[in-house]
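A quick write-up on the structure given underneath.
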Amino acid sequence: MKTISTVYSELKDILRKLYSSREAENIAKIYFEDKYNIKSINDNIFPPEFSKIIIEDIERFKNGEPVQYITGKAFFYDNFFKVDSSVLIPRPETELLVDLAIKYAKNIKSPGIIDIGTGSGCIALSIAQKVTSSEILAIDISPAALKTANENKDFLQIRNVVFTRSDFLKKSERDGLGDFDMIVSNPPYISPVEKKYMTDSTLKFEPDIALFPDSSNHMIFYEKIIDFAENNLRKNGIVICEINEFRVKEIKDIVSVSSFKFDIIEDMQNKPRILKLWK
Ligand code: GLN
């Protein structure tokens with residue numbers, strides 16, 4: 001029988017072939033904690049009932065699959081969210097969007113909020129949990145993503161979010177969504193030419209539909225969000241979107257022909273990351 005530390009080192013050695021040694025350490029740690037609830041690496045026996053699982057998981061690791069899909073969960077803001085290949089793994093920089101949205105929403109009595117392209121629901125559910133007076137409509141085009149989002153809603157026991165299927169790029173569907181105090185979104189914003197900057201594991205395992213707009217125009221979501229906001233944002237309302245760090249000029253070009261004032265906020269890596277719009 002092997003000890004926890006032996007199994008941990010074996011996994012780390014395998015991961016080192018694919019990742020830097022810091023990343024390998026980090027991934028092994030997340031895997032042990034999130035999959036087996038093993039928080040301390042010591043010389044106790046590695047529970048034998050897990051040995052078959054880890055053999056299968058090692059094959060998935062070797063294939064480059066992200067640890068969050070292997071454990072089935074990702075930590076974001078204050079909670080674990082269920083994730084699978086139908087949804088993007090929540091990114092730490094998106095927590096900034098949630099932070100700004102919560103600060104704003106707390107100043108409104110019963111804020112009506114829409115989350116466009118909700119995926120796992122991590123943005124909508126994090127806001128809903130902290131601003132319990134909010135009513136949030138969260139939409140996505142993908143039924144599989146909505147299923148995952150609803151599982152997260154049930155697991156977190158959140159009531160003030162409704163997940164609905166909608167194709168936001170279709171004007172007829174957009175028009176029926178209603179009016180809101182706040183519009184939030186982390187839309188697909190990568191253009192295919194940027195694939196060279198992305199990791200193999202993102203390209204191979206994360207859903208294209210969440211990353212690349214299905215259109216030759218990679219700014220299409222921002223154009224439609226602003227168009228929607230012109231008609232459906234209530235007085236003193238605000239739009240908060242995640243943006244592509246390489247597309248600031250294009251964002252500014254789009255915003256400059258709208259009636260909104262704007263601000264672009266940097267993430268913890270000092271990359272332009274959040275677009276804020278208001279009147
Ligand atoms: N930030 C994500 C990435 O780098 C992309 C998120 C998105 O397209 N909305 O993979």
Side-chain angles (χ1 to χ4, degrees), residues 18-20 23 26-27 30 64-69 74-77 81 83-101 114-127 138-142 144-146 148-149 152 166-169 183-226 228 239-251 254-255 264-277:
L18 291 153
Y19 303 96
S20 71
E23 280 171 322
N26 214 355
I27 292 169
I30 291 173
E65 191 165 348
V67 63
Q68 292 88 345
Y69 288 154
F75 195 76
F76 178 80
Y77 215 72
F81 288 85
V83 293
D84 55 35
S85 56
S86 70
V87 299
L88 208 66
I89 297 164
R91 307 287 202 264
E93 53 271 28
T94 306
E95 293 181 333
L96 174 60
L97 186 162
V98 171
D99 244 346
L100 295 166
I114 182 166
D115 175 20
I116 298 160
T118 194
S120 63
C122 67
I123 294 174
L125 294 167
S126 300
I127 299 169
I139 62 168
D140 207 285
I141 193 172
S142 156
L146 291 166
T148 304
N152 281 319
S166 177
D167 181 352
F168 187 75
L169 298 183
I183 298 169
V184 296
S185 183
N186 175 17
Y189 57 59
I190 301 177
S191 99
V193 296
E194 293 167 65
K195 281 190 180 170
K196 54 181 179 289
Y197 304 115
M198 298 168 73
T199 63
D200 287 345
S201 74
T202 289
L203 288 171
K204 200 162 151 195
F205 291 97
E206 297 198 79
D208 278 358
I209 193 177
L211 296 162
F212 308 102
D214 182 22
S215 148
S216 53
N217 172 11
H218 54 263
M219 301 306 285
I220 191 157
F221 274 92
Y222 300 97
E223 293 175 7
K224 304 299 178 199
I225 287 169
I226 290 172
F228 179 72
V239 180
I240 305 178
C241 293
E242 185 167 318
I243 59 165
N244 185 328
E245 73 219 62
F246 303 117
R247 301 290 170 191
V248 172
K249 182 175 177 308
E250 283 154 281
I251 291 279
I254 298 172
V255 178
I264 290 174
I265 298 148
E266 291 185 348
D267 64 19
M268 66 280 197
Q269 293 187 62
N270 296 104
K271 293 176 179 166
R273 187 60 63 203
I274 305 292
L275 170 70
K276 212 168 100 179
L277 301 173

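Whatever order the structure lists them in is the order used to number ligands and atoms, beginning at 1. Side chains are part of it too, since the values below use all heavy atoms of this structure and drop only hydrogens, waters and symmetry mates. Fair warning: this is a prediction, and the values are worked out from it, not measured in the lab.
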Full working for side-chain hydrogen bond (donor to acceptor under 3.5 Å, both in side chains) between N244 and E194: CA-CA 11 Å; N244 185 328; E194 293 167 65; 2.9 Å; yes
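By the neighbour-count criterion of 12 heavy atoms within 6.0 Å, atom CG of D200 is sparsely surrounded, having that number or fewer from other residues, nucleotides or ligands.
In this model, a donor atom of one side chain and an acceptor atom of the other lie less than 3.5 Å apart for T148 and D84.
With sequence neighbours left out, N270 forms a side-chain hydrogen bond (donor to acceptor under 3.5 Å, both in side chains) with E266.
Distance CG/L211 to CD1/I190: 5.0 Å, rounded to 0.5 Å.
Contact residues for ligand 1 (protein heavy atom closer than 4.0 angstrom to any ligand atom): L88, R91, N186, P187, P188, Y189, I190, A210, L211, E242.
By the 30° and 60° cut-offs, the orientation of the rings of F81 relative to F76 is perpendicular.
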